[in-house]
Amino acid sequence: MRDHLQTQLASAWPELRIVAKAANGLDALRLIDEQAPDVVFLDIRMPGMTGLDVAARLASGERPPRIVFVTAYDQYAVAAFEHAAVDYLLKPVSQERLGRTVAKLKAALQAQPGLGGAGAPAVAPVSGDASAAALQALLQQLAGHLGVPGGVPAAPAPVPATATAASLQWIRAAHGDETRLIPIEDVIYFQSNDKYTSVFLAEGESLIRTPLSKLREQLDEQQFWQIHRSVIVAARHVAGTRQDFRGRLMVQLKGRPEQLVVSRNYVDLFRQM
């Protein structure tokens, strides 16, 4: 289906640049974060996460893309799309219907400040009438219409720490002049750093703008332990603990030479180690 849609898009929108294709919802989130596309085509039924789940996550971001859902459901079930800032395509996708969607997308992208006259679309947020709240309401309505199991979470971000399956998977971080996409399993620890948060890996350090308090809400609390008000450490990278000459509990790390101080409020985490 993806390859067929790509062929149809090449005909209906020759100047469009397709930057990625995803096989499932988690891959879609990762690639969208990495590529920051103007437009995302989402199948409502996908392995792992539904298209509605992915859209709900995108709606919570600062610069969500234009969204087009691809669905096998009938016209009545997707009527809620008609006046929304998202669009839909029914399977099998006809070239005539795709042409109308392309025209709608082009008009929306041309209306974005700084995009007029651009050749290939650049990063373009959803227009004002498709605010996060409006899109969330639409997604809830669609979940009811389409009978998607579990519906769509009312507030997909920040992700609760107890929701292990939906916890943060990737981090986009600044490293010198580069921007890196870091798998969460590579992170050894996070440390609050003024207005930023430092991300420490085996091979170095990167910076993200997310405050540690917000980041904590998106991490699996079974895998990431807060040991100080300014430090969260990955449990898998803890080698052990020791007491220093001042009686403070220190965490020893796998892969990094420094040792981290455990605040008295968090000492109980290590009593059985």
Side-chain angles (χ1 to χ4, degrees), residues 1-61 63-109 120-121 123-127 129-130 132 134-153 156 166:
M1 185 270 168
R2 283 174 291 155
D3 292 338
H4 181 59
L5 181 58
Q6 181 174 353
T7 300
Q8 290 180 296
L9 282 168
S11 175
W13 198 351
E15 65 272 27
L16 181 71
R17 184 168 61 94
I18 296 177
V19 295
K21 294 186 291 184
N24 56 60
L26 286 175
D27 277 351
L29 281 177
R30 176 179 62 82
L31 290 167
I32 291 165
D33 186 60
E34 181 181 349
Q35 300 291 339
D38 300 288
V39 179
V40 175
F41 289 82
L42 289 173
D43 198 325
I44 286 182
R45 297 286 188 183
M46 290 191 293
M49 297 177 68
T50 69
L52 299 184
D53 292 332
V54 174
R57 293 289 187 87
L58 297 179
S60 68
R63 298 176 66 87
R66 305 292 304 189
I67 297 171
V68 178
F69 286 107
V70 183
T71 176
Y73 293 98
D74 61 27
Q75 183 86 13
Y76 176 79
V78 293
F81 286 118
E82 289 292 356
H83 301 293
V86 293
D87 202 358
Y88 71 94
L89 294 168
L90 291 175
K91 300 178 185 178
V93 179
S94 71
Q95 198 68 31
E96 184 270 336
R97 180 64 182 86
L98 180 60
R100 296 205 306 271
T101 293
V102 167
K104 183 176 179 180
L105 290 169
K106 285 182 176 180
L109 293 173
V123 175
V126 177
S127 57
D129 62 343
L135 184 51
Q136 286 290 349
L138 173 65
L139 293 172
Q140 291 285 354
Q141 182 181 354
L142 289 170
H145 276 311
L146 304 178
V148 176
V152 177

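Numbering of residues begins at 1 and proceeds along the displayed sequence.
- Contact record, Leu42 with Gly51: CD1-O, 3.6 Å, taken as the closest heavy-atom pair.
- The side-chain contact (heavy atoms from CB on, under 4.5 Å) test applied to Ser11 returns Gln95, not counting sequence neighbours.
- Across every non-hydrogen atom of Gln8 and Ser94, the tightest pair is NE2-C, 4.1 Å.
- Residues Pro37 and Val40 share a closest heavy-atom pair of CG-CG2, 3.8 Å.
- Rounding to the nearest 0.5 angstrom, the gap separating the CG atom in Leu105 from the CZ atom in Arg66 is 7.0 Å.
- Applying side-chain contact (heavy atoms from CB on, under 4.5 Å) to Val93 and the options Leu98, Leu9, Thr101 leaves one that passes, Leu98.
- The side-chain contact (heavy atoms from CB on, under 4.5 Å) test applied to Ala103 returns no partner, not counting sequence neighbours.
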*Before giving the answer on side-chain contact (heavy atoms from CB on, under 4.5 Å), spell out for Val19 and Glu34 the whole-Å C-alpha distance, their side-chain angles and the decisive distance to 0.1 Å.*
CA-CA 10 Å; Val19 295; Glu34 181 181 349; over 6 Å; no
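- Partners of Leu29 according to the side-chain contact (heavy atoms from CB on, under 4.5 Å) rule, which considers only residues two or more places apart in sequence or in another chain, are Met49, Val54, Arg57, Leu58.
- Nearest heavy-atom pair, Val102 versus Ala12, reported as atom, atom and distance to 0.1 Å: CG1-O, 3.9 Å.
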_Please evaluate residues Lys104 and Val68 with respect to the criterion side-chain contact (heavy atoms from CB on, under 4.5 Å), reporting the C-alpha separation (whole Å), side-chain torsions for both, the decisive distance (0.1 Å), and the verdict._
CA-CA 11 Å; Lys104 183 176 179 180; Val68 178; over 6 Å; no
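- Lys106 NZ to Glu15 CD: the interatomic distance, rounded to the nearest 0.5 Å, is 4.0 Å.
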